[in-house]
Engineer: 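Right, I'll just put the structure down here and ask away after.
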Amino acid sequence: MSYTGADEAWATWVAAALEKAGRTVSLQVWDSPAGTNVVVWINEQMTAAKWTIAICSPAYFDAHWSTYEWAGALAGMKLIPLRVADCPLPPILAAAKRRTIVRMVTQVTWRYARAGALIFGGSRRCSLLAR
């Protein structure tokens, strides 16, 4: 998943939900070793990932590195935009398959089960990235 530090709570929530649903997730805040060249690490994760989820919010679209990540994933047809705030998507993302989680549901079990089903149909690997 591609996300900004401002959206780290969303990214970790989605990652936990996907892992609980049996998916394999790579999340920078959890998996990037200290001292690693972050740009190289992100490239490796995006290359290995079947999908990259973009946690879309106003902060995400204001962040410089986010553009590189979503554009790279879109070019490889491996992008799933996931809106976590009411914000417009760049016009080029209008054609991409996207999901929206703007309102939270209070039933935790429903959220975890639903997140896995909403985001992925049958793929088991995704990349979750941040700056």
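Model, not experiment: these values are computed from the prediction. Reckoned from all heavy atoms, side chains included, excluding hydrogens, waters and symmetry mates.
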Engineer: Do Thr12 and Trp30 pass the side chain to side chain contact (heavy atoms under 4.5 Å, CB included) test, and can you show the C-alpha distance, the side-chain angles, and the key distance before you say yes or no?
Structural biologist: CA-CA 9 Å; Thr12 56; Trp30 295 345; 4.0 Å; yes
Engineer: For Ala6, enumerate each residue passing the side-chain contact (heavy atoms from CB on, under 4.5 Å) test, keeping only those at least two apart in sequence or located in another chain.
Structural biologist: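 Scan of Ala6 (side-chain contact (heavy atoms from CB on, under 4.5 Å), adjacent residues dropped) gives Thr4, Ala59.
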Engineer: Report the distance from atom CD of Glu69 to atom CG of Leu74, rounding to the nearest 0.5 Å.
Structural biologist: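 Going from CD on Glu69 over to CG on Leu74, the span is 13.5 Å.
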Engineer: Would you say Ile80 and Thr52 make side-chain contact, with heavy atoms under 4.5 Å?
Structural biologist: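 Not touching, per the 4.5 Å side-chain cut-off.
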Engineer: So which of Phe61, Tyr3, Tyr60 actually passes side-chain contact (heavy atoms from CB on, under 4.5 Å) with Ser66?
Structural biologist: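 Exactly one option meets the side-chain contact (heavy atoms from CB on, under 4.5 Å) with Ser66, and it is Tyr60.
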Engineer: Can you sort out the partners of Ser32 under side-chain contact (heavy atoms from CB on, under 4.5 Å), two or more places apart, ordered by chain and number?
Structural biologist: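 Result, side-chain contact (heavy atoms from CB on, under 4.5 Å) vs Ser32: Gln28, Thr36, Trp41.
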Engineer: Any side-chain heavy-atom pair from Trp70 and Leu89 closer than 4.5 angstrom?
Structural biologist: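 Not touching, per the 4.5 Å side-chain cut-off.
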Engineer: Taking C-beta and beyond as the side chain, do Leu18 and Thr24 meet within less than 4.5 Å on heavy atoms?
Structural biologist: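 The answer is no; the side chains never approach within 4.5 Å.
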Engineer: Side-chain contact test, heavy atoms from C-beta onward, threshold under 4.5 Å: evaluate it for Lys78 versus Lys50 and give yes or no.
Structural biologist: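 With C-beta onward as the side chain, the pair stays apart.
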Engineer: Test of understanding: with side chain to side chain donor-acceptor pair (under 3.5 Å), list the residues that count as partners of Ser57, not counting sequence neighbours.
Structural biologist: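 Testing Ser57 for side chain to side chain donor-acceptor pair (under 3.5 Å), a comparison that skips the adjacent residues, returns Asp7.
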Engineer: Under the rule for side-chain contact (heavy atoms from CB on, under 4.5 Å), what residues qualify as partners of Pro58, not counting sequence neighbours?
Structural biologist: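 Listed in chain order: Ala85, Cys87.
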Engineer: Hey, what do you get for OG (Ser26) to CD1 (Ile42), rounding to the nearest 0.5 Å?
Structural biologist: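 The CD1 atom of Ile42 is 10.0 Å from OG of Ser26, to the nearest 0.5 Å.
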